[in-house]
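Basis for what follows: all heavy atoms, side chains included, without hydrogens, waters or symmetry-related copies.
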Amino acid sequence: MNRLARLPLPRLSGPSPASVAKLGQPLRIILEDYVAVSKDLAATARQRPIRTLLYLATVGALVTTWKKRPDLDGYINDVLEYSNEIGECSEVIRSSRAQSYISRIIRLNSDGYLRYINLGLVAIVMERSSAPACKNYHETCKHLQPGLLSAWQHVMDVGFWGRWLQLERNMVDFDVSEDEFGKS
């Protein structure tokens with residue numbers, strides 16, 4: 001006990017004024033750089049206002065498109081809503097094409113075979129060749145995976161601006177039977 005009392009302990013105190021001054025110098029330089037860049041941007045905006053507006057509109061459109069990109073939960077919710085709408089129709093007038101498409105997506109989702117890929121401005125839902133829990137050699141070896149040229153065959157849907165393009169295309173006239181009125 002006596003030895004512990006004699007051990008030198010570090011003195012806990014706040015930062016020294018010299019260390020604060022050292023830290024403040026780089027922060028001041030960074031602030032001055034940002035002020036200079038802001039002044040240059042304002043001068044360029046005054047010289048070329050149309051170009052500045054085009055740049056701002058492009059950045060705004062890209063950010064809005066990025067924010068409106070749909071997610072997998074939204075896709076599954078849309079599929080379930082369409083499934084409910086199809087279920088409200090009689091089997092006589094129901095589109096067999098729309099019914100089989102929705103049933104396939106629901107089956108793939110419940111088995112864990114849907115894969116969501118975020119590409120920034122668009123989203124892709126793909127069909128997996130196996131469940132994520134499958135760890136056999138054929139599924140884990142990167143050299144045996146399908147290449148980029150054959151990956152498009154597994155694309156189920158493409159999401160853009162809050163909409164799923166393939167889902168909406170397949171659900172057009174879901175309450176009209178092709179057998180009754182011919183192929184559409």
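For the pair I105 and M156, the minimum side-chain heavy-atom distance is below 4.5 Å. Residues L114 and I76 meet the side-chain proximity criterion, which asks for heavy atoms closer than 4.5 Å. Counting heavy atoms from C-beta outward, N118 and D71 have side chains that stay 4.5 Å or more apart. Looking only at side-chain heavy atoms (C-beta outward), V79 and N109 stay at 4.5 Å or farther from each other. Counting heavy atoms from C-beta on, the side chains of W161 and R69 never come closer than 4.5 Å.
Counting side-chain heavy-atom gaps under 4.5 Å among Ile, Leu, Val, Met, Phe, Trp and Tyr, V35 is found in no cluster with other residues.
A distance-only check finds a donor-acceptor pair linking the side chain of T58 to the backbone of L54 [under 3.5 Å]. Not one N or O on the side chain of N170 forms a donor-acceptor pair closer than 3.5 Å with the backbone of A98. S110 places a side-chain N or O within 3.5 Å of a backbone atom of R107 that can act as its donor or acceptor partner.
Every residue two or more places apart in sequence or in another chain that forms a ring-ring contact (aromatic ring centres under 6.0 Å, His included) with Y75 is listed here: W164. Listed by chain and number, the residues in a salt bridge (charged side-chain N to carboxylate O under 4.0 Å, His left out) with R163 are E168 (sequence neighbours excluded).
For the atom pair L80 CG and I106 CD1, the distance stands at 5.5 Å (nearest 0.5 Å). Taken from OH in Y113 to CG in L108, the straight-line distance is 9.0 Å, to the nearest 0.5 Å.
Under the side-chain contact (heavy atoms from CB on, under 4.5 Å) rule, V155 has a single partner from V125, I117, I124, which is I124.
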- Test L165 against R169 for side-chain contact (heavy atoms from CB on, under 4.5 Å), laying out the working first. CA-CA 6 Å; L165 306 178; R169 187 176 73 93; over 6 Å; no
- Item | I102 and L167: CA distance, side-chain angles, deciding distance, side-chain contact (heavy atoms from CB on, under 4.5 Å) verdict | CA-CA 8 Å; I102 292 293; L167 179 63; 3.8 Å; yes
